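Once you've had a glance at the structure underneath, I'll fire off some questions.
Predicted model only: the values in this text are computed from it and were never measured. First the proteins, then the strands, lettered A, B, ... as listed; each starts at 1.
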Amino acid sequence: MSIDAEQLVSWYRDAQRDLPWRRPGVTAWQILVSEFMLQQTPVARVEPIWLAWIDRWPTPSATAAAGSAEVLRAWGKLGYPRRAKRLHECAVVIAGEYDDEVPTDVETLLTLPGIGAYTARAVACFAYSASVPVVDTNVRRVVTRVLRGQADAPARARDLDDVAALLPDDATAPTFSAALMELGAVVCTARAPQCGCCPLTHCRWRSAGYPEGTMTRKVQRYAGTDRQVRGKLLDVLRDSSSPVTRAQLDVAWLTDTAQRDRALDSLLVDGLVEQTLDGRFALAGEGEIP
DNA sequence: CTCCGGTTCT
DNA sequence: AGAACTGGAG
């Protein structure tokens, strides 16, 4: 059981989106930055921020030198700001321990902050053309449908090996991986798949008559959660170039004071916010000398 | 397994 | 009102 690499790759060569991090001349670090930003975040929202970001900080050392507070500010409202902190930490390590060059092997990449199983392989594959399986939610969905005939399925430890077995045994492997992700992103989508535009001639899901998915997803609310409160608190800190008082933070969320306190505490624990000696609050690294 | 943003589309 | 979005870490 496999996926026709020829069909998929030739479709990709013609139909791929013109994304800025896919253009020639983009460095491994800049691809790494795009992968951090794309974690759980749609392409359309990442694009403008990535363009401004690499123009301002094109290298790990430039990013490290900027300081974590400025990096958190530039991250803006992209979401999951812990990613920004980890990206800055990543820059510090690469600049300091790897001579400003992104490591090429998956094992080393996995040791860096914010880089997990997906991002390590995405960087190795897309930045260094390594023939490694790149498995994100899109790839998992495509493989589940085409090869297993199910609309969706939970992630399994086997997924990595299964996708590795699908890779063509030649130099087109990285393109095949990009194409698999692209197919999941624009054709074989979660909600309204465009099967009429699918380049694959064999698909078990189609043969089976598109059976419904059975996965019960968790609701992941946002309004009224601690995450929203954390966002409100960070809004205040991003907009201030100097530390703010507790009272200035308190007005950001008056609905539930216990929740507000819990949110602020979690930001301190995550290292996104720091308290100054006089008891005020600031973005982490605000006081550092750039 | 849970938590962690914020926007957009349906 | 839900769901989806190129995940990682505790």
### Query
Base, sugar-phosphate alone, or nothing: which one does G116(A) contact when heavy atoms must sit under 4.0 Å apart?
sugar-phosphate
### Message
Any base atoms under 4.0 Å from L19(A), or only sugar-phosphate, or nothing? Heavy atoms, all strands.
### Response
base
### Query
Taking only N and O in the side chain of Q39(A), is any of them less than 4.0 Å away from OP1 or OP2 of dG7(C)?
no
### Message
Just to be sure I understand the rule, does A117(A) reach a base, reach only the sugar-phosphate, or reach nothing, if contact means heavy atoms closer than 4.0 Å?
### Response
sugar-phosphate
### Message
Checking side-chain polar atoms at under 3.5 Å, does Q39(A) have a donor or acceptor matched by the opposite partner on Y118(A)?
### Response
no
### Query
Within the pair Y222(A) and dG6(B), is there a side-chain N or O less than 4.0 Å away from OP1 or OP2?
yes
#### Entry: Atom pair distance, as rounded to whole Å: OH in Y80(A) and C1' in dA4(C)
11 Å
#### Entry: Side-chain cluster (under 4.5 Å, hydrophobic types only) that L110(A) belongs to, other residues
V106(A), V132(A)
### Query
Atom CG of D136(A) to atom P of dG7(C): distance rounded to whole Å?
5 Å
### Message
Does V46(A) reach a base, just sugar-phosphate, or nothing at all? Heavy atoms under 4.0 Å.
### Response
nothing
### Message
Between dG10(C) and dG5(B), how many Å separate the two P atoms, rounded to a whole number?
### Response
15 Å
### Message
Categorize E35(A) for me: base, sugar-phosphate, or nothing, with a 4.0 angstrom heavy-atom threshold over every strand shown.
### Response
base
### Query
For R86(A) and dG7(C), what is the distance between atoms CZ and P respectively, to the nearest whole Å?
14 Å
### Message
Which helical stems does DNA chain B take part in, if a stem means at least 3 consecutive Watson-Crick or G-U pairs with both distances below 3.5 Å?
### Response
B:1-4 with C:7-10, B:6-10 with C:1-5
### Task
May I ask you to verify if any side-chain N or O of R121(A) is less than 4.0 angstrom from the OP1 or OP2 atom of dG7(C)?
no
### Task
Remember a base hit wins even if backbone is also touched, and classify T41(A) as base, sugar-phosphate or nothing at under 4.0 Å, heavy atoms.
base
### Query
Quick one: the side chain of R45(A) and the base of dG6(B), do they pair up donor-acceptor inside 3.5 Å?
yes
### Message
Nearest whole Å is fine: how far is dC4(B) C1' from Q40(A) CD?
### Response
10 Å
### Query
Do V102(A) and L109(A) have side chains that get closer than 4.5 Å, going by heavy atoms?
yes
#### Entry: R83(A)-T41(A) side chain donor-acceptor pair, cut-off 3.5 Å
yes
### Query
Looking only at atom P, what distance separates dC9(B) and dT6(C), rounded to whole Å?
13 Å
### Query
Do the side-chain N and O atoms of Q248(A) and T245(A) include a donor-acceptor pair separated by under 3.5 angstrom?
yes
### Message
Tell me the interatomic distance from Q228(A), atom CD, to dC3(B), atom P, rounded to whole angstroms.
### Response
16 Å
### Message
Would you say CG of D14(A) has more than 12 non-hydrogen atoms from neighbouring residues, nucleotides or ligands within 6.0 angstrom?
### Response
no
#### Entry: First encountered from the 5' end of DNA chain C, between L38(A) and L112(A)
L38(A)
### Query
Mind checking whether L87(A) and L32(A) have side chains closer than 4.5 Å, heavy atoms only?
yes
### Query
Tell me: CZ of R83(A) to P of dT6(C), nearest whole Å?
11 Å
### Query
When we call it a touch if two heavy atoms are under 4.0 Å apart, what does W75(A) touch: a base, just sugar-phosphate, or nothing?
nothing
### Task
Could I get the full list of ring pair (Phe, Tyr, Trp, His ring centres under 6.0 Å) partners for Y210(A), not counting sequence neighbours?
W205(A)
### Query
So what does L78(A) touch, heavy atoms closer than 4.0 Å: a base, only the sugar-phosphate, or nothing?
base
### Query
Can a side chain N or O of T119(A) be found less than 4.0 Å away from OP1 or OP2 on dG8(C)?
yes
#### Entry: Below 4.0 Å: OP1/OP2 of dC9(B) and any side-chain N or O of R191(A)
no
### Query
Looking across every strand, which nucleic acid part, if any, lies under 4.0 Å from R140(A) by heavy atom: base, sugar-phosphate, or nothing?
nothing
